[in-house]
Amino acid sequence: MRSLLPFLCLFSVWTKGAGASDPDLPFMVYLDQNHLVCLKWGFDNPQGIITFKLVVNTTGWVGLGFSSDGEMTGSDIVMGGVGPSGSYFGDYHAIGEFMPVLDEQQSYTLLSLTERDGQTIMTFQRSIQTCDHEDYPITDTPVKMIYAFGTTDTLGYHGHRRGGKEVNLLNYVARSTSTNLNYLNFAMDNVTVPEDHTYYHCKVMKFQNLDPNTTYYIYQIEPVIENLDIVHHMLLYRCPSIVTETYDKPCFMGNMGDDCFEVVAAWAVGGGVFELPDNVGIPVGGADSDTLYRLEIHYNNPNNEAGRRDSSGLRLHYTDQRRKYDGGILTTGVNPHTSLSYNIPPKATQFHTYGVCNTSLFSQLMNPVPELHVFAGMLHTHLAGRKVRVGHYRNGTQIDFLLFNENYNFGLQQSVILGKIKTIKLGDEIAVECTYTTTDRTNVTRMGLATTDEMCLAFLLYYPAIKITNCVSNPNTSMSDDAPTSDQDPIAAQESFLKDLPQIQFASDDENNFSFNRKGTVRKMMKTPTVTCHKTSAASGLGGSRIMNLAGIILLLLWIAVM
């Protein structure tokens, strides 16, 4: 039986449902080489609550710590177990290579502590920012996760039963050890960038040197940037079957490739390498080996420099090993290709725009429509963007945020892995809200392609892939030429006017078939979750679990006496 125990944690992650058995804890890592110590975790958002489940092959005490250097001294530690008198649990910090000290403020909340099949399973949570100097601050950079455990419930020296691993808790991607060096290059070929502020260049091509009888799975997207100062974003689109000719020329000149809209890979300024989870891959090749793809690069040349040449592009790492799920990218937000007026006024401290998607439109293009499990996303605006939020609605009521960024930075547009899997059901609605600041502008800002124009988009990475590629909207400004006169502030009046207009929503599939709804609604969006400092004991409301029961206190006193 013991030989099977190391696999129980992994088995529990993937055996139920359409993905993880617990979508709130989608991340998992073994902290030791023998797979005796398993850690699962998930979080609501980067400012919210993070939940951990520690599974250790022991019936004694277990401990998990956060450390800057992998050592015990200076680390933030939780310890617990199930003893003869019940469960015990506490929040500690280590000031040396001896028994950690109980924190004055208990910032960790015990959710459950059980023993089963020779394992101790401890589930607990904390605020990502506890505002307690005795706790380790969790950020989007890697942290050394350390562990120790005993064979009894006497808190004592762990001996060799200790170790650790560096983990990025807030931006984790499972990475299998692989010697696979296969990749596809999609790059421009010494493009001459004109003396224009904004220039889009497109190259339509097909995958080369792939076996047409084999399907391949992209698992990593790597940007190869030759001129960081002028390359603004890159998008690789899969083309519909009507696109049959390759070319290399300026975009949006009426060529057939302008109809390639299915995003396969995306990169924007400030982004880096993006790796998909181990169980997801973007399928290419196989039966679709003759499919063409369009690489689109937006060049931002604000100084109108002449003679600039560029060969930037994307490197797509792939494997022929089948992934559990085919991944896809759904483009949502404000329709970026509309010719309708959507004016953002100048001198606005905050101005909100909205794009909405009602997934009921999907059923007009395919049937059945599975549940979509969103695991990552990338938000995109231009220079005036300050915040982006993606609301998730069910039965007309917001149930969550798919993702948000309250401090949007145009220069850091990175794809991010979500803290938990977000499930979109048929009929759910998605709303993308962008907040702009135009206090330094004297003219109206329009939705458009130039960097000085604006966009409001969210690219959602999900599984299983379906043929729906876009679900966007724009307000039906054709119903009125100008915002109505009002005693309101003119900026607020313009925002309300655009928000209250019916939204023209449309969804499209991989062959550019469309479904429409001309009466979409922008629904109320809830406040963004904020950080609160927990100053009360984490033991409150635990229904019988205690920070440290009497047996645990006695064990602690015995430890101190021995020392």
Side-chain angles (χ1 to χ4, degrees), residues 183-189 200-219 221 234-266 276 280-297 313-314 316 318-320 322-323 325-332 335-338 357 359 361-370 372 457 459-472 505-516:
Y183 59 84
L184 301 164
N185 266 334
F186 277 79
M188 296 303 177
D189 185 15
Y200 280 74
H201 196 88
C202 285
K203 185 177 182 180
V204 176
M205 56 200 136
K206 65 183 294 186
F207 286 115
Q208 299 295 326
N209 304 320
L210 295 182
D211 182 355
N213 298 314
T214 303
T215 299
Y216 301 88
Y217 300 90
I218 297 169
Y219 64 86
I221 300 166
M234 300 186 290
L235 290 167
L236 182 67
Y237 299 93
R238 182 182 280 114
C239 297
S241 58
I242 58 172
V243 180
T244 57
E245 296 183 3
T246 63
Y247 63 80
D248 188 352
K249 60 181 67 175
C251 304
F252 315 122
M253 303 295 289
N255 297 295
M256 189 68 73
D258 292 346
D259 292 328
C260 305
F261 291 127
E262 181 183 355
V263 176
V264 175
L276 280 72
V280 182
I282 298 174
V284 295
D288 296 324
S289 292
D290 291 331
T291 298
L292 296 181
Y293 292 79
R294 173 166 67 96
L295 175 64
E296 169 192 302
I297 297 186
L314 295 170
L316 308 180
Y318 69 89
T319 176
D320 59 3
R322 179 81 168 88
R323 293 287 174 120
Y325 300 109
D326 290 348
I329 299 177
L330 177 67
T331 301
T332 61
N335 181 3
H337 302 289
T338 180
C357 162
T359 61
L361 294 172
F362 296 1
S363 60
Q364 299 177 34
L365 298 170
M366 60 178 294
N367 186 35
V369 180
L372 307 183
L457 296 171
F459 300 96
L460 304 179
L461 286 81
Y462 71 92
Y463 63 83
I466 60 175
K467 67 179 186 176
I468 307 299
T469 60
N470 294 266
C471 188
V472 295
Q505 301 179 87
F506 76 92
S508 60
D509 67 11
D510 53 2
E511 288 295 327
N512 287 354
N513 300 304
F514 298 96
S515 58
F516 289 90

> Should Leu372 and Thr359 count as side-chain neighbours, where that means a heavy-atom distance under 4.5 Å?
Replying inline: no
> Is a donor on one side and an acceptor on the other found under 3.5 Å between the side chain of Thr469 and the backbone of Ser508?
Replying inline: yes
> What residues, two or more places apart in sequence or in another chain, satisfy salt bridge (charged side-chain N to carboxylate O under 4.0 Å, His left out) together with Asp326?
Replying inline: Arg322
>> The criterion is side-chain contact (heavy atoms from CB on, under 4.5 Å); which residues satisfy it with Ala266, sequence neighbours excluded?
In response: Leu235, Val263, Met378
> Under the side chain to side chain donor-acceptor pair (under 3.5 Å) test, which residues partner Asn255, sequence neighbours left out?
Replying inline: none
>> Distance check, rounded to the nearest 0.5 Å: Asn470 atom CG versus Asp510 atom CG?
In response: 11.0 Å
>> Within the 4.5 Å heavy-atom criterion, are Phe362 and Cys357 side-chain neighbours or not?
In response: yes
>> On a heavy-atom basis, which atom in Ala187 and which in Met205 lie closest, and how many Å separate them?
In response: N-CE, 4.4 Å
>> Given 3.5 Å as the limit, does a donor-acceptor pair link the side chain of Tyr216 with the main chain of Asp211, or not?
In response: yes
> If you take all heavy atoms of Tyr247 and Gly257, which pair is closest and at what distance?
Replying inline: OH-CA, 3.1 Å
> If you take all heavy atoms of Pro240 and Cys260, which pair is closest and at what distance?
Replying inline: CD-CA, 4.0 Å
> Just wondering, do Asp290 and Lys206 contact through their side chains at under 4.5 Å, heavy atoms?
Replying inline: yes
>> Just so I know, are the side chains of Cys202 and Pro250 near enough to count as touching, which here means a heavy-atom distance under 4.5 Å?
In response: no
> Just how far is it from atom CD1 of Ile218 to atom OH of Tyr318, taken to the nearest 0.5 Å?
Replying inline: 10.5 Å
> What residues form a ring-ring contact (aromatic ring centres under 6.0 Å, His included) with Tyr237, not counting sequence neighbours?
Replying inline: none
> Within a reach of under 6.0 Å around CD of Gln208, are more than 12 heavy atoms found that belong to other residues, nucleotides or ligands?
Replying inline: yes
> Measuring from Ile466:CD1 to Met366:CE, what's the distance to the nearest 0.5 Å?
Replying inline: 5.0 Å
>> Testing the basics here: between Gln364 and Ser515, what is the closest heavy-atom pair and its distance to 0.1 Å?
In response: OE1-CB, 3.3 Å
>> Quick check for you: to the nearest 0.5 Å, what is the distance between Asp288 atom CG and Ser241 atom OG?
In response: 10.0 Å
> What are the two closest heavy atoms between Leu330 and Cys471, and how far apart are they?
Replying inline: CD1-N, 4.2 Å
> What are the two closest heavy atoms between Ala465 and Gly328, and how far apart are they?
Replying inline: CB-N, 4.0 Å
> Tell me the salt bridge (charged side-chain N to carboxylate O under 4.0 Å, His left out) pairs involving residues 253-262, sequence neighbours left out?
Replying inline: Arg238-Glu262
>> The criterion is ring-ring contact (aromatic ring centres under 6.0 Å, His included); which residues satisfy it with Phe252, sequence neighbours excluded?
In response: Tyr200
> Any side-chain heavy atom of Leu184 sitting closer than 4.5 Å to one from Leu210?
Replying inline: yes
> Taking side chain as C-beta onward, heavy atoms only, is Phe207 less than 4.5 Å from Leu316?
Replying inline: yes
>> Could you measure the distance from the CD1 atom of Ile329 to the CG atom of Leu461? Nearest 0.5 Å is fine.
In response: 4.5 Å
> Is the Tyr293 ring parallel, tilted or perpendicular to the Phe186 ring (thresholds 30°, 60°)?
Replying inline: perpendicular
> If only atom types and distance count, is the side chain of Tyr219 paired as donor or acceptor with the main-chain N or O of Arg323 below 3.5 Å?
Replying inline: no
>> Nearest 0.5 Å, please: how far is CG in Leu295 from NE2 in His201?
In response: 9.0 Å
>> I'd like to know if the side chain of Lys467 and the backbone of Leu365 have a donor-acceptor N/O pair within less than 3.5 Å.
In response: yes
